[in-house]
Amino acid sequence: AKQTGRGRVELYAPEHEDQIRRTAIVEQSLKSADLEEELHLVFQPVVDARNLQLIGFEVLVRWRSSHLGDVMPGEFIPVAERCGTIHAITRVVLRRALSEMQNWPEGLRLKVNLSIYDLSSSSQMLALLTIIERSGVSGQQLTFEITESAFSDQLDIILSALNMLRAIGSSIAIDDFGTGYSSLSSLHHFRPDLIKIDRSFVVRVSDPYDGRDMIKTIIQMCRNLGARSLAEGVENETQCRVLSDLGCDELQGYWLSRPVSAEKAREFAHAGVVK
Ligand code: C2E
Ligand code: CA
Ligand code: CA
Ligand code: CA
């Protein structure tokens, strides 16, 4: 039990212990998982902020573990990054998503999340490029999302990986913008084509004082960098309207659509709209 008080530092938090145990179980299950069998893809629509027309989808991975049941990526991706399974996961996600794209009308884009561990491995990058080449999908239809953690060390290696993706015409997006520790100068290094403004800013857009001004400033910064702006986590009509009025380029969030199955994504793709 937790023993607090009397100025003693709490070294033994039971929640912490449970957390460590859970992580170990997730890691074990992940290592023994049949990824081809247990991983599934969902697709979340991204729309043009001016007219709400469908631009494409972000692919998001789901894991139905034979041991643990459903585990969300927010939990297992960090574990996969630590135990090395992330490379196999990224390959499965990319291969399947590219194959699903063949069912969409031309012109729709696919956004794929990459881990810093993908970018820092040249053999993994070659494997990903091979998957794209074999799929027959043009690199120009793809956007690769990286988080600000990529700004850390190994900058040269990361930049050369990004250049390989640019060389096949793909776009680069900075994911979760505003949550990391990037400086403007390092952001400049990445020459992102798109900046995804984190949900934590989007929830504050209806605050007419700092919230609205903050988003306005970020959208302006994106313009100055020559990048498009995308607002993540749009959950209501007010946010949608304000963001569109402020000149944000792309919108994504539950109010437009939750992540959906491949079948539902096909329907959206053919309709060209989500609502
Ligand atoms: P992310 O890349 O920032 O993805 C957006 C997350 O926000 C998704 O959660 C999505 O379902 C959720 N979301 C979308 N719209 C809304 C909204 O309006 N409100 C709220 N509250 N949430 C919204 P998900 O699918 O659980 O993914 C969590 C994170 O796991 C992702 O964050 C990404 O960092 C990672 N992830 C997911 N799939 C992959 C993958 O294939 N590869 C890698 N490397 N990471 C992945
Ligand atoms: Ca993302
Ligand atoms: Ca994000
Ligand atoms: Ca995230």
Side-chain angles (χ1 to χ4, degrees), residues 26 30 35 38-47 55-64 70-98 100 109-121 124-125 128 131 142-150 158 161 165 171-180 182 192-206 218 229-240 243 248 250-262 264-265 274-275:
V26 169
L30 201 53
L35 296 178
E38 298 179 16
L39 294 184
H40 302 276
L41 307 186
V42 290
F43 297 86
Q44 186 173 35
V46 174
V47 304
I55 290 175
F57 298 90
E58 175 178 2
V59 59
L60 296 160
V61 69
R62 295 291 177 263
W63 178 28
R64 178 152 290 177
D70 291 333
V71 187
M72 290 301 277
E75 180 172 21
F76 74 81
I77 293 287
V79 179
E81 289 181 328
R82 252 177 290 128
C83 71
T85 321
I86 189 67
H87 286 176
I89 293 175
T90 306
R91 294 194 300 263
V92 169
V93 170
L94 183 64
R95 195 184 314 112
R96 293 232 196 115
L98 290 172
E100 188 53 37
R109 305 189 60 85
L110 175 73
K111 291 176 164 64
V112 181
N113 292 285
L114 288 186
S115 160
I116 174 115
Y117 294 91
D118 294 314
L119 296 165
S120 58
S121 158
Q124 173 73 349
M125 289 308 298
L128 299 179
I131 289 170
L142 308 176
T143 300
F144 291 95
E145 302 191 1
I146 62 169
T147 61
E148 292 173 76
S149 63
I158 303 296
L165 298 171
S171 298
I172 305 299
I174 302 295
D175 204 352
D176 303 343
F177 178 78
T179 60
S182 58
D193 303 284
L194 175 74
I195 292 176
K196 298 189 75 168
I197 305 167
D198 191 69
R199 194 174 79 86
S200 54
F201 295 102
V202 172
V203 295
R204 290 161 58 209
V205 293
S206 31
I218 297 174
S229 53
L230 181 154
E232 291 196 278
V234 176
E235 290 185 347
N236 59 56
E237 190 166 8
T238 308
Q239 291 169 353
C240 194
L243 288 159
C248 188
E250 304 181 17
L251 304 174
Q252 183 178 359
Y254 291 170
W255 190 71
L256 296 146
S257 168
R258 288 191 174 248
V260 296
S261 68
K264 186 71 193 168
V274 296
K275 59 193 297 162

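Numbering of ligands and ligand atoms starts at 1, following listing order.
- With a 4.0 Å heavy-atom cut-off, ligand 1 is reached by the side chain of D176 but not by its N, CA, C or O.
- In this structure, OE1 of E232 and OD1 of D176 enclose an angle of 100° at the Ca ion (ligand 3), rounded to 10°.
- Heavy-atom minimum distance, A265 versus F43: CB-CB, 3.9 Å.
- Residue E58 approaches the Ca ion (ligand 2) most closely through its N/O/S atom OE2.
- Annotation for R258 and P45: closest pair O-CD, 3.9 Å, computed over non-hydrogen atoms.
- Using a 4.0 Å cut-off to heavy atoms of P259, the atoms of ligand 1 that qualify are 11 (O).
- Listed by atom number, the atoms of ligand 1 under 4.0 Å from R199 heavy atoms are 19 (N), 20 (C), 21 (N).
- Those atoms of ligand 1 with a heavy atom of G233 less than 4.0 angstrom away are 16 (C), 17 (C), 18 (O).
- Put simply, the side chain of E250 does not reach to within 4.5 Å of the side chain of S229, judged on heavy atoms.
- The distance from ligand 1 to the heavy atoms of E235 drops below 4.0 Å at these ligand atoms: 17 (C), 18 (O), 19 (N), 20 (C), 21 (N).
- Using 4.0 Å as the threshold, R258 has no heavy atom nearer than that to any atom of ligand 1.
- When non-hydrogen atoms are compared, ligand 1 lies under 4.0 Å from the backbone of V234 (N, CA, C, O) but not from its side chain.
- The two residues R96 and L41 make their nearest non-hydrogen contact at CB-CD1, 3.4 Å.
- Closest approach between the Ca ion (ligand 3) and any N/O/S atom of D175 involves OD1.
- Looking at R62 against ligand 1, only its side chain comes within 4.0 Å, counting heavy atoms.
- If you look at E145 and ask which of its N, O or S atoms sits nearest the Ca ion (ligand 2), the answer is OE1.
- Backbone or side-chain N, O or S atoms of T147 do not reach the Ca ion (ligand 2) at under 3.0 Å.
- If you look at V93 next to ligand 1, the close heavy atoms, those under 4.0 Å, all belong to the side chain.
- No donor-acceptor distance shorter than 3.5 angstrom exists from the side chain of R64 to the backbone of D70, with no hydrogens or angles considered.
- Annotation for ligand 1: atoms under 4.0 Å from non-hydrogen atoms of L60 are 4 (O), 8 (C), 10 (C), 11 (O), 25 (O), 37 (C), 38 (N).
- Between the side chains of T90 and D118, at least one donor-acceptor pair of N or O atoms lies under 3.5 Å.
- Proximity of E232 to ligand 1 is established by a heavy-atom distance of less than 4.0 Å.
- The side-chain contact (heavy atoms from CB on, under 4.5 Å) test with L114 is passed by exactly one of L94, I86, T147, L165: L165.
- When only interatomic distances are considered, the shortest N/O to N/O separation between V61 and ligand 1 falls below 3.5 Å.
- Between V59 and N113, the closest heavy-atom pair is O-ND2, 3.5 Å.
- Proximity of L119 to M125: side-chain heavy atoms (C-beta onward) are separated by under 4.5 Å at one or more points.
- At a heavy-atom distance under 4.0 Å, no atom of Q252 approaches ligand 1.
- The distance from ligand 1 to the heavy atoms of M72 drops below 4.0 Å at these ligand atoms: 26 (O).
- Taking distance alone, with nitrogen or oxygen atoms compared against 3.5 Å, E145 stays at or beyond that limit from ligand 1.
- Under the rule for a ring-ring contact (aromatic ring centres under 6.0 Å, His included), the partners of F76 that lie at least two apart in sequence or sit in another chain are W63.
- Under a 4.0 angstrom heavy-atom cut-off, T90 registers as lying outside contact with ligand 1.
- Nearest heavy atoms, W255 versus C240: CZ3-SG, 3.5 Å.
- Between Q44 and ligand 1, at least one N/O pair is under 3.5 Å apart.
- Numbered from 1 in the order shown, with element, the atoms of ligand 1 that lie under 4.0 Å from a heavy atom of E58 read 2 (O), 4 (O).
- With Q252 as the fixed residue, the side-chain hydrogen bond (donor to acceptor under 3.5 Å, both in side chains) test singles out one of E232, Q44, K111: Q44.
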>> Apply salt bridge (Lys or Arg N to Asp or Glu O under 4.0 Å) to residues K275 and E237 and explain how you reach the verdict.
In response: CA-CA 12 Å; K275 59 193 297 162; E237 190 166 8; over 6 Å; no

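- Between P259 and R62, the shortest heavy-atom distance links the atoms CG-NH2, 4.2 Å.
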